[in-house]
Protein chains: 2
Amino acid sequence: MTIVRTQGRTRMAKHPRDRMIESALVLMGEYGVEATSFSQVIEHSGAPRGSIYHHFPGGKEQLIEEATRYGGDVVVKLLAEAIEQHDPVAAVDSVGGFWHTVLYDSDFAAGCPVIAAALDSRSPAARKAARDAFQRWEQLYTEMLQRAGVPEERARSLGSIAISAVEGAVILSRAQRSNAPLERVVNELHGLFHEAIGNAGTQSAGNGRTQ
Amino acid sequence: MTIVRTQGRTRMAKHPRDRMIESALVLMGEYGVEATSFSQVIEHSGAPRGSIYHHFPGGKEQLIEEATRYGGDVVVKLLAEAIEQHDPVAAVDSVGGFWHTVLYDSDFAAGCPVIAAALDSRSPAARKAARDAFQRWEQLYTEMLQRAGVPEERARSLGSIAISAVEGAVILSRAQRSNAPLERVVNELHGLFHEAIGNAGTQSAGNGRTQ
DNA sequence: GTCTATACGAAGATAGAC
DNA sequence: GTCTATCTTCGTATAGAC
């Protein structure tokens, strides 16, 4: 067995099946779904070759789908504390800080596995899992902002730009091997959220453009 | 020869080489770099099999790199008119409107080829071409906003979020098969740009957070 | 410039032994 | 649960004829 790269911050899962899912998650983010092979997952997770189809009878499609749903949950957990505190700005910080660390620690090799799943054209199951994750995140942002007094339509709008901008910034930061784009985006989202929350109740927000 | 799907808005290029680049661009956006094979490019472009390595001695890597640079130029051309008019908001509209149309016309199958290149792990040349495109777009936004009176640092910050958010929104809109995320993001960027330009000279902008 | 034929590797998946 | 062996398909790339 070769040396297994660990995630550092995450403790090793006990069961090979869970290790394979976690490895798939990391590899998807770094190489994309198409380029994530069973061989890589086996090597990265240290799981035995012969057990792939035992644990995942649905083959690669099943593994990728489960990993994507797991990835969606990771971000939901990042948002959990901010949700309890009813603080949308803390939510942006939590996700932004997470990616800041992951990108830096991986020397800008890591990427978002949910994005990878969303962009995979061969697996409808993975795409659906990614879509579900996006919508769940958006819903959580929307609810947080509404509780902070932002009207629903504006809240949903801010949720969309928060997710889009952070995910886009992760790609840009990786491409430029610098967290600068991510930091700038988080900073702008701060201002945007503060302004919207500050204006809560004062006016109906929005700028009248719907295209 | 099978029926060749055309882009509709783009006239057919005369030379097989150019057709191959344009086809590669479309296929990269839809399927990703890894899943874009020569077979697909040949079929899509109608170019002859035997001429691949004649036109692209560097093989797939060369084709993908050239297509990515071409894709970067497409967006630069979209920004050109807005640059002449010194109107950053029009720039967002131009790119946003472009993706709105492309997504709708393709029934949400199309995607950004530059993103695909940025996420490809196997081709350093493609990644570099994507990075160059991002930085060029960001620079154009920054210059436009500076001419509109926005301080440099803030201008760069707004450029980063404009690119990140639109690229992210293209992914989300495709995943949800709806242009709603893209429209919401464009709308929020409108507000953000207007506010920043409106405050030009009044204060140094920013919200004091650098992380 | 374009063709066919082919080399070579790697992928996902299955079968059957242990 | 895990192993090895094998099937099949598909990818890039090259060689050499036309």
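Naming convention: chains lettered A, B, ... in sequence-line order (proteins, then strands); numbering from 1 in each chain. As a basis for the values below, the full set of heavy atoms in this structure was taken, side chains included, without hydrogen atoms, waters or symmetry mates.
- At a threshold of 4.5 Å between non-hydrogen side-chain atoms, the residues A/F38 and A/L63 count as touching.
- Between the NE2 atom of B/H15 and the P atom of C/dG1 there is a distance of 9 Å, given to the nearest Å.
- In the set C/dG1, C/dA11, D/dT2, D/dT2 carries the atom at the smallest distance from any side-chain atom of A/P48.
- Taking atom CG of B/D18 as the reference point, atom P of C/dG1 lies 12 Å away to the nearest angstrom.
- Residue B/S39 places none of its side-chain N or O atoms closer than 4.0 Å to OP1 or OP2 of D/dC10.
- If you check D/dT2, D/dC3, C/dG1 against the side chain of B/H55, the one that comes closest is C/dG1.
- Ion pairing between B/R17 and B/E66 holds under the 4.0 Å rule for side-chain N and carboxylate O.
- At whole-Å resolution of the value, NZ in B/K60 and C1' in D/dC10 are 12 Å apart.
- Along DNA chain C, the nucleotide nearest A/S37 and the nucleotide nearest B/G50 are compared for position; the residue whose nucleotide lies closer to the 5' end is B/G50.
- A/Y31 places its OH atom 15 Å from the P atom of C/dA10, with the value rounded to the nearest Å.
- In this structure, A/R17 atom CZ and D/dT2 atom P are separated by 13 Å, rounded to whole Å.
- Between B/R156 and B/E143 no salt bridge is recorded (no basic side-chain N to carboxylate O distance below 4.0 Å).
- The existence of a salt bridge linking B/E188 and A/R154 is confirmed by a sub-4.0 Å separation between a basic side-chain nitrogen and an acidic carboxylate oxygen.
- For the pair A/S51 and D/dG1, the criterion of a side-chain N or O lying under 4.0 Å from OP1 or OP2 is not met.
- In this structure, OH of A/Y53 is placed 17 Å from P of D/dC7, rounded to the nearest angstrom.
- B/L63 places its CG atom 13 Å from the C1' atom of D/dT12, with the value rounded to the nearest Å.
- Checking B/R122 against B/P16, the closest nucleotide of DNA chain C that is more toward the 5' end is the one next to B/P16.
- Look at NE2 on B/H54: it is 16 Å from C1' on D/dA17, rounded to the nearest Å.
- By the 4.0 Å N-to-carboxylate-O rule, A/D73 lies too far from A/R69 to be salt-bridged with it.
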